[in-house]
Every structure is written in structure tokens, then in C-alpha cells.
**Q** 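Provided herewith is a single structure, encoded as C-alpha cells, for subsequent inquiry.
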Amino acid sequence: MQLKNEKTNLLLINPEEMNQVDKIAMQYLPVLTLMENAGLAVARAIMQFYKPCKILVLCGPGNNGGDGYVVAHILANEGWPVKVASLKPPEKGTDAYKAFVQWNGDKTDFNIQSVRDADLVVDAVFGAGLSRDIDDHISSVLKAADHLVAIDMPSGVDGKTGIIRGYAPHAELTVTFCRAKAGHYLLPGREYIGKLVIANIGIPENILSELSINTWLNEPGLWELPIADVEDYKYHRGIVNVVGGGTVTGAARLSALAASSCGAGLVHIFAFGSRDLYLLTSPCFMVDEGDFTDTLQDKRRKVWVCGPGLTEDEVKISLINLIKTNKTIVADASALTKENFDLLKQCAVITPHIGEFKRIFGDFKDCRIEAVKKAASILNTVVILKGPDTLIASPDGRVAVNCHANARLATAGSGDVLTGVIATLLACGMEVWEASCAAVWIHGEAAFLHNNSWPNAMDLIHNLGKARDNGRYHVEK
Ligand SMILES: NC(=O)C1=CN([C@@H]2O[C@H](COP(=O)(O)OP(=O)(O)OC[C@H]3O[C@@H](n4cnc5c(N)ncnc54)[C@H](O)[C@@H]3O)[C@@H](O)[C@H]2O)[C@H](O)CC1
Ligand SMILES: [K+]
């Protein structure tokens with residue numbers, strides 16, 4: 001029960017989906033009630049986080065502005081000094097207009113001076129309805145605010161993509177409704193949100209399950225990590241196999257070490273050469289060489305990492321044979337080329353960074369979520385688009401946004417470590433997208449565990465066991 005709640009709380013909605021939700025919600029509750037609930041939630045958050053001070057509410061012409069008029073009303077009733085500046089009044093007959101006419105307190109001009117005269121600005125200019133770039137006048141007014149609370153979104157942050165449309169103010173606090181939006185977590189938008197409060201405004205939960213919303217925040221609860229139990233044996237914990245290059249060996253060794261440290265029961269490396277180097281890396285590794293096709297006959301050796309440190313030829317030979325023998329393949333690094341496009345279709349997971357992604361799929365427009373979803377659907381493969389806000393897409397349409405990472409993960413070999421973790425979770429039987437999401441989270445956690453200093457790939461590896469445990473404790477708490 002706890003798990004389910006946790007999972008539905010991780011749902012991320014985009015503005016179009018929110019629109020659909022609103023339309024259905026109207027059958028249960030009038031929009032004006034939702035708006036009043038939204039305004040109340042924002043006013044409450046302001047009263048929780050700020051002492052009474054001079055408030056200026058900047059209102060746009062849509063429902064975001066409507067929420068703003070409600071906030072003004074409530075704070076004024078509480079005795080706070082409040083002024084409202086309207087960019088443009090809402091159209092007559094709309095719900096926002098009803099909220100607008102109910103405001104009979106102080107009004108002021110929508111200009112820089114009004115902002116300077118206030119202690120705290122409430123940004124109710126644009127929310128989910130942002131449809132074009134913010135113009136110079138609006139941006140100059142927003143820019144003048146020293147302290148700003150945003151309703152739903154800081155105006156200018158695109159709720160679907162996190163892209164900044166012309167300009168956006170940096171909010172100290174953003175209050176959104178029902179669920180967070182992808183733009184709250186995707187970069188660069190995430191940097192403009194400040195503290196995020198998600199308020200329940202009375203939208204019935206069953207509406208969310210009726211719509212096929214399938215974008216998630218990547219946190220424990222979205223997936224469940226298997227635990228080791230007393231009856232476990234090494235084959236149950238999973239066998240990870242890594243294809244090791246004959247000349248460049250570091251990357252494959254990092255993948256194998258990562259697998260070993262985060263719980264794989266057994267780690268094999270197939271070496272195209274340099275067998276001794278692989279053997280000396282860890283006494284825990286089983287190292288094979290010789291006929292690759294013979295090695296592949298062992299049906300227990302199902303999950304394979306292919307790409308890190310391999311030459312073009314090594315990639316080709318290994319991918320073709322792994323596919324022929326129906327292995328579960330995690331493809332990374334040298335395997336990720338346009339030439340291998342058809343081979344990648346037979347892989348379980350691919351892990352491109354943005355450069356590799358563009359190399360394989362070409363450039364894309366604004367929305368990374370759409371781009372990665374499309375890529376996963378074309379390849380019929382889970383695609384992990386690595387970056388500061390890694391996206392994990394499944395061919396069935398599920399996408400997770402990972403914020404559980406820091407800049408310190410950007411270090412040589414970090415990707416190879418991730419590949420090893422993914423393979424480990426696949427080898428112990430997790431479903432492919434869930435294993436990928438969990439691995440990305442564990443990888444981020446390993447960097448967080450290296451507090452106050454800069455981890456290299458080996459440091460990350462040392463932290464993986466604890467990081468994996470933390471991925472469970474979050475759920476069990
Ligand atoms: N279920 C909920 O979450 C509820 C949310 N509410 C709030 O409603 C807004 C969305 O309202 P909407 O009217 O659809 O859009 P906006 O108010 O954001 O803006 C639309 C308005 O603005 C014009 N516009 C858009 N971009 C620009 C621009 N760059 N420059 C100038 N003008 C622009 C556009 O033409 C429209 O006129 C949501 O964010 C919540 O705050 C509801 O209160 C209740 C339920
Ligand atoms: K806003």
C-alpha cells in the first residue's frame with residue numbers, strides 16, 4: 001500500500017495532460033473552486049515560509065493570474081499589505097475574470113517601480129498556458145524582483161520541457177498543483193523553481209489513473225530493488241558478463257568492478273586479449289578468452305555488457321554473436337553508432353550521452369522527453385539519455401526523469417560504472433526499464449555518498465553497495 005502511494009506521487013504531468021485533467025475535473029468541481037483551492041494553497045505556503053511583508057501580485061490574463069487574485073484576497077484578509085498589478089485583465093466571462101472582479105484592494109501598475117516598492121512578488125503572470133517567449137517589458141518587471149514566489153511555474157519556464165522561453169525569474173518558492181510537472185525537474189527549468197510545494201487542490205486521484213500519463217520522477221518507489229535473502233545463491237543474485245577489449249581494458253574493468261560491488265553473484269569477462277590484466281584486476285572475476293561463440297553457449301550467462309573499451313571490430317563481432325544467442329545486452333560507448341542502428345534494436349538497454357544520442361538519432365527539437373521516447377519506440381529498446389537530468393525511456397512509453405545526481409558524477413569512467421550497475425540489476429531479474437531507472441538512481445546515490453569531495457570512477461564503485469541498500473531503505477522507511 002505504501003509503495004503504491006509513493007509511486008503515484010512520483011507521476012509528472014505536462015501542461016497538455018494537466019489540461020485534460022482539468023477538463024475531466026470540471027465534471028466534479030467548478031474551475032473556480034479549483035482556482036480558489038489553488039490560491040489558498042499558495043497563500044498558505046507564503047504564510048508558512050514568510051513573515052508578513054509588502055506583497056505585490058503580478059497577474060497575467062489567464063487562470064494563473066486568476067490564482068493570483070485569489071492569493072491577493074486571502075493574504076489581504078489575513079492583514080498583509082497587498083497590491084495587485086495586472087498585465088491585462090482576464091476576458092469577461094472567464095473564471096479568472098470572476099477572481100479578478102472579486103479583488104477590490106489596492107491596484108498598481110505592472111512596472112518595475114511597483115516591484116521595487118514590494119518586499120515579496122507573487123508571480124501569477126503565466127503558468128501552464130505559456131505559449132510563446134516572454135517579451136522585454138514583462139521580463140524587465142520580473143527581473144526587478146529580489147524575492148519571488150511563483151504560482152505553478154516561474155513565468156517563462158516551459159512546464160513540458162524545462163526550457164526558458166525568453167526569460168524566467170528565479171523563484172524562492174514555487175507552488176504547483178496536483179502533481180509536479182516535468183519542467184520543474186528538467187534543466188534548465190529546475191534551477192528556477194526554488195523550493196517546490198505540490199498542493200492538493202481537490203482534483204480526484206482517479207482522473208490521473210484514467211489518463212495514460214507515463215512520465216515519472218526517478219526515486220525509490222518507482223521500482224523495488226530485490227533484497228538478498230538467506231536462500232540466495234550466486235546464480236540467483238545474477239551473473240554479469242562483460243565483453244573486454246583486447247587493447248583498451250579500463251572501461252570494461254570498471255563495468256565489471258561495478259557489477260561486483262553492487263551485488264552481482266558472479267562476474268565474467270570475456271577478453272579479446274590482455275587476459276592477465278583482467279585477471280589481476282580482481283580475484284573475483286572469471287576471465288575467459290578464446291572462442292567467443294563457445295562462451296556464449298552457456299545459457300546461464302544471459303546478461304552482457306557490450307561497448308566499453310571495445311574497438312569497432314570487437315563491437316561488431318560481439319554484438320552480432322550476442323544477438324544470435326539471444327542474450328540480454330546493455331550497449332554503451334563504442335557500440336553506440338549510427339552504423340550499429342539495426343544491431344541496437346536487438347539490445348535491451350542503450351546508454352547514450354547527448355552527443356552519442358544525436359549521433360544515432362540525429363538532432364531533435366526542444367523536447368528531450370519526446371525525443372528519448374521516440375528513440376526507445378523506434379529501437380524497441382530502453383534508452384537512457386545520460387546527462388545532469390538523465391532520462392530513461394521504455395518502448396512502452398514510460399519515461400523517468402532522474403534528478404538524483406550531482407555534477408561530480410561527470411568523471412571519466414562514470415558511464416562504465418553505470419553500465420555495470422544496470423547489468424547487475426538485469427541479471428537479478430528486474431524488469432528492464434525498472435532496472436535501468438534503479439541503476440541510474442544508485443549511480444547518483446554513489447556520488448552523493450562521496451560527500452564533500454570529488455569521486456573518481458573507483459570511488460563510485462566503492463560506494464555502490466551502500467547506494468544500492470539506500471535505494472531500498474527509502475522505500476522501507
Ligand atoms: N488543475 C490545475 O492545476 C489548475 C490550475 N490553474 C491555474 O491555471 C494555470 C493555467 O491557466 P491558463 O489560463 O491555461 O494559462 P496561463 O494563465 O498560464 O496563461 C494563458 C494566457 O497567457 C497568454 N500568454 C501565454 N504566453 C504568453 C506570453 N509569453 N506573452 C504574453 N501572453 C502570453 C495566453 O495567450 C493566455 O491568454 C495554471 O498554471 C494554474 O496556475 C487553475 O487555477 C485551476 C486548476
Ligand atoms: K507563474
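Worth saying up front: this structure is predicted, and the values here are computed from it rather than measured. Atom set for the values below is all heavy atoms of this structure, side chains included, hydrogens, waters and symmetry mates excluded. Just so you know, ligand 1 is whichever comes first in the structure, and atom 1 is the first atom listed for that ligand.
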**Q** Looking only at the side chains, is there a donor atom on one of D332 and T419 sitting less than 3.5 Å from an acceptor on the other?
**A**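 Short answer, yes.
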
**Q** Is there a donor-acceptor contact under 3.5 Å linking the side chains of T176 and D152?
**A**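 Result is yes, a qualifying pair exists.
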
**Q** Sequence neighbours left out, what pairs pass salt bridge (Lys or Arg N to Asp or Glu O under 4.0 Å) with at least one residue falling in residues 396-405?
**A**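 Those involving residues 396-405 are D396-R398, R398-E431.
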
**Q** So, D152 and the K ion (ligand 2): N/O/S under 3.4 Å, yes or no?
**A**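 Checking the K ion (ligand 2) against D152, no N, O or S atom falls under 3.4 Å.
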
**Q** Quick check: of its N, O or S atoms, which one does D123 have closest to the K ion (ligand 2)?
**A**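 Restricting D123 to its N, O and S atoms, the minimum distance to the K ion (ligand 2) goes to O.
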
**Q** Is the closest side-chain donor-acceptor distance between D109 and Q113 under 3.5 Å?
**A**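 Not at all, the side chains of D109 and Q113 share no donor-acceptor pair under 3.5 Å.
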
**Q** Please find out if the K ion (ligand 2) and some N, O or S atom of F126 are separated by less than 3.4 Å.
**A**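 Here the distance criterion (N, O or S atom, under 3.4 Å) is met by F126, so yes.
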
**Q** If you look only at pairs with a residue in residues 98-120, which of them pass as a ring-ring contact (aromatic ring centres under 6.0 Å, His included), with sequence neighbours excluded?
**A**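 The answer is Y69-F100, Y97-F100, F110-H137.
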
**Q** Could you check ligand 1 for N or O atoms lying under 3.5 Å from protein N or O atoms and list the pairs with distances?
**A**
from: ligand 1; atom 1: 1 (N); to: D22; atom 2: OD1; distance (Å): 2.5
from: ligand 1; atom 1: 13 (O); to: N63; atom 2: N; distance (Å): 2.8
from: ligand 1; atom 1: 15 (O); to: G129; atom 2: N; distance (Å): 3.3
from: ligand 1; atom 1: 17 (O); to: N63; atom 2: N; distance (Å): 3.2
from: ligand 1; atom 1: 17 (O); to: N64; atom 2: N; distance (Å): 2.9
from: ligand 1; atom 1: 18 (O); to: G127; atom 2: N; distance (Å): 2.6
from: ligand 1; atom 1: 18 (O); to: G129; atom 2: N; distance (Å): 2.9
from: ligand 1; atom 1: 26 (N); to: S131; atom 2: N; distance (Å): 3.0
from: ligand 1; atom 1: 26 (N); to: S131; atom 2: OG; distance (Å): 3.4
from: ligand 1; atom 1: 29 (N); to: R132; atom 2: O; distance (Å): 2.8
from: ligand 1; atom 1: 29 (N); to: D133; atom 2: O; distance (Å): 3.1
from: ligand 1; atom 1: 32 (N); to: R132; atom 2: NH2; distance (Å): 3.3
from: ligand 1; atom 1: 39 (O); to: N64; atom 2: ND2; distance (Å): 3.4
from: ligand 1; atom 1: 39 (O); to: A128; atom 2: N; distance (Å): 2.8
from: ligand 1; atom 1: 39 (O); to: D152; atom 2: OD2; distance (Å): 2.5
from: ligand 1; atom 1: 41 (O); to: N64; atom 2: ND2; distance (Å): 2.8
from: ligand 1; atom 1: 41 (O); to: D67; atom 2: OD2; distance (Å): 2.6
from: ligand 1; atom 1: 43 (O); to: D67; atom 2: OD1; distance (Å): 2.4
from: ligand 1; atom 1: 43 (O); to: D67; atom 2: OD2; distance (Å): 3.4

**Q** For the residue pair K374 and F361, would you count it as a cation-pi contact if the rule is NZ or CZ under 6.0 angstrom from the ring centre and within 45 degrees of the ring axis?
**A**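 Not satisfied by the 6.0 Å and 45° rule.
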
**Q** Can a salt bridge be assigned to the pair R468 and E445 using a cut-off of 4.0 Å between side-chain N and carboxylate O?
**A**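 Salt bridge absent between R468 and E445.
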
**Q** Just jot down the side-chain hydrogen bond (donor to acceptor under 3.5 Å, both in side chains) partners of N340, sequence neighbours excluded, or say none.
**A**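 Checked N340 against side-chain hydrogen bond (donor to acceptor under 3.5 Å, both in side chains); matches are T337.
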
**Q** Kindly confirm whether the K ion (ligand 2) is within less than 3.4 Å of some N/O/S atom in I151?
**A**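 Yes - counting backbone and side chain alike, I151 has an N, O or S atom under 3.4 Å.
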
